[in-house]
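Everything on this sheet refers to the single structure shown next.
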Number of protein chains: 2
Amino acid sequence: MDRSQPDHLKNAGLKSTVPRLKILSLFELGQERHMSAEDVYKHLLASGDDVGLATVYRVLTQFEQAGLLARHYFEGGKSVFELNHGKHHDHIVCLQCGHVEEFYDAAIESRQKKIATERGFAVHDHSLHIYADCVKKNCPHKR
Amino acid sequence: MDRSQPDHLKNAGLKSTVPRLKILSLFELGQERHMSAEDVYKHLLASGDDVGLATVYRVLTQFEQAGLLARHYFEGGKSVFELNHGKHHDHIVCLQCGHVEEFYDAAIESRQKKIATERGFAVHDHSLHIYADCVKKNCPHKR
DNA sequence: TTGCAAATGAGAACTATTATCATTTATAAA
DNA sequence: TTTATAAATGATAATAGTTCTCATTTGCAA
Ligand SMILES: [Mn+2]
Ligand SMILES: [Mn+2]
Ligand SMILES: [Zn+2]
Ligand SMILES: [Zn+2]
């Protein structure tokens, strides 16, 4: 059986407050999969929920630490977050329209691990971002 | 025959000014390979050369656009620069000591291109950063 | 209900970077 | 060589993203 949002928070050791529930459902409703703090803040404002920007930042970081969200650092400085479904993947970011596409390649993953291990590193994590233009599709995701 | 620094600048369409020459030789002397704007600024101060911080930022960006330097966005927000020797490579960053190690893997590179192309993207560039602890070496590169 | 640690919100502070603009400088013409 | 001038510089203001501070509010357990 599915668990409710308050349970998700409780399991993460976070008490279920109004701002946390609102932010979590924003991601779970899946309107937009990858969102910056500012994106989240604006979505909340737009739906009449007034949550402080500082709270948005705090909650996003807490959710990341609790494993509910994953944070990515794309070019452009601001971090973006997405629901953490436990499946690691990498990203292609379209430089024209900002569209983000996900991929996973077992061969790339294993070569990375091999390379780092051979050199005496214990891998924590990695990021692989491909910056490109979605030419064939003629950028259907204008922003 | 090797070309002088002023020639490097001239070839890049940049006139050879004192700050530009100082910044270029800082990278060419190779004391530190990967440097942030702040790193460059501090090195210059330390050697008695007073170049404005704004100039450091401007020159680094110009050198990047001219192809003299490559810029990387590691986690932590600040960009780092290194001499662009024309050979693309990726990075392993030690989370303990900050040491940066470089690698190149043809298999990873070609899989990336294949994946992006199959999905209709024209790749501009990519970044692959592995974040790790250099355990075997017991972090010999303390910062 | 009440108690209170935890969470929140408003705004200050901070960090990295870019913009503004008066002054200086590299270079090319005279 | 001077000189003209467009480009470059440096001080500092401004901006963007994010974190910190602290007085007030709130979830929740007794
Ligand atoms: Mn994703
Ligand atoms: Mn490098
Ligand atoms: Zn990956
Ligand atoms: Zn690569």
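Just the heavy atoms: all of them, side chains too, but no hydrogens, waters or symmetry mates, feed the values below. Values in this document were obtained by computation on a predicted structure and should not be read as measured data. In what follows, chains carry the letters A, B, and so on, assigned in the order in which the sequence lines appear, proteins first and then strands, with residues in each chain numbered from 1.
In this structure, of D:dT12, C:dT8, C:dA6, it is C:dT8 that holds the atom nearest to the side chain of A:Pro19. Of the listed nucleotides (D:dT12, C:dA26, C:dA10), D:dT12 has the atom at the smallest distance from the side chain of B:Ala54. Of all nucleotides listed (D:dT18, C:dA26, C:dT18), D:dT18 comes nearest to the side chain of A:Tyr57. In this structure, of D:dT19, D:dG10, C:dA5, it is D:dT19 that holds the atom nearest to the side chain of A:Thr61. Distance from the side chain of A:Lys78 is smallest for D:dG17 among the nucleotides C:dA19, D:dG17, C:dA7. Among the nucleotides D:dT18, D:dG27, D:dA8, the one closest to the side chain of A:Leu53 is D:dT18. Taking the side chain of A:Arg58 as heavy atoms from C-beta on, and the options D:dA8, C:dT17, D:dT21, the nearest nucleotide is D:dT21. Of the candidate nucleotides C:dT8, D:dC28, D:dA7, C:dT8 has the atom nearest to the side chain of A:Val59.
Note on B:Glu101 versus A:Arg119: salt bridge recorded, some NZ/NE/NH1/NH2 to OD/OE distance being below 4.0 Å. Salt-bridge formation is not detected for the pair B:Lys113/B:Glu109: no Lys NZ or Arg NE/NH1/NH2 atom is positioned less than 4.0 Å from an Asp or Glu carboxylate oxygen.
When the side-chain nitrogen and oxygen atoms of B:Thr55 are compared with OP1 and OP2 of D:dA8, none of them lie within a distance under 4.0 Å. For A:Ser79 and D:dT18, the shortest distance from a side-chain N or O to OP1 or OP2 is below 4.0 Å. A close approach under 4.0 Å does occur between a side-chain nitrogen or oxygen of A:Ser16 and OP1 or OP2 of D:dC28.
Following rounding to the nearest Å, B:Tyr73 (OH) and D:dG17 (P) show an atom-to-atom distance of 14 Å. B:Lys22 places its NZ atom 11 Å from the P atom of C:dT25, with the value rounded to the nearest Å. Between the P atom of D:dG27 and the CG atom of A:Leu9 lies a distance of 13 Å, rounded to the nearest Å. In this structure, A:Arg20 places its CZ atom 14 Å from C1' of D:dT25, rounding to the nearest Å. Atom CZ in A:Phe74 sits roughly 16 Å away from atom P in D:dG17 (whole-Å rounding). In this entry the distance linking CG of B:Asp39 with C1' of C:dT15 reads 14 Å, nearest Å. Atom P of nucleotide C:dG9 and atom CG of A:Leu60 are separated by 13 Å, given to the nearest angstrom. Going from atom NZ of B:Lys15 over to atom P of C:dT24 covers 16 Å, rounded to whole Å.
Nearest-nucleotide positions on DNA chain C for B:Ser36 and B:Thr17 put B:Ser36 closer to the 5' end. Where A:Ala37 and B:Asp50 each meet DNA chain D at their nearest nucleotide, the meeting point lying more 5' is that of B:Asp50. Of the two residues near DNA chain C, A:Tyr41 and A:Gly13, the one whose nearest nucleotide lies more 5' is A:Gly13.
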_side-chain contact (heavy atoms from CB on, under 4.5 Å) for A:His99 and A:Ile92? Distances and angles first, verdict last._
CA-CA 8 Å; A:His99 170 65; A:Ile92 307 179; over 6 Å; no
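Hydrophobic clustering (ILVMFWY, side-chain heavy atoms < 4.5 Å, transitive): B:Leu45 and B:Val40 are in one cluster.
In the model, B:His72 has a side-chain atom that pairs as donor or acceptor with a side-chain atom of B:Glu82 under 3.5 Å.
In this structure, B:His129 contributes its side chain and B:Ser127 its backbone to no donor-acceptor pair below 3.5 Å.
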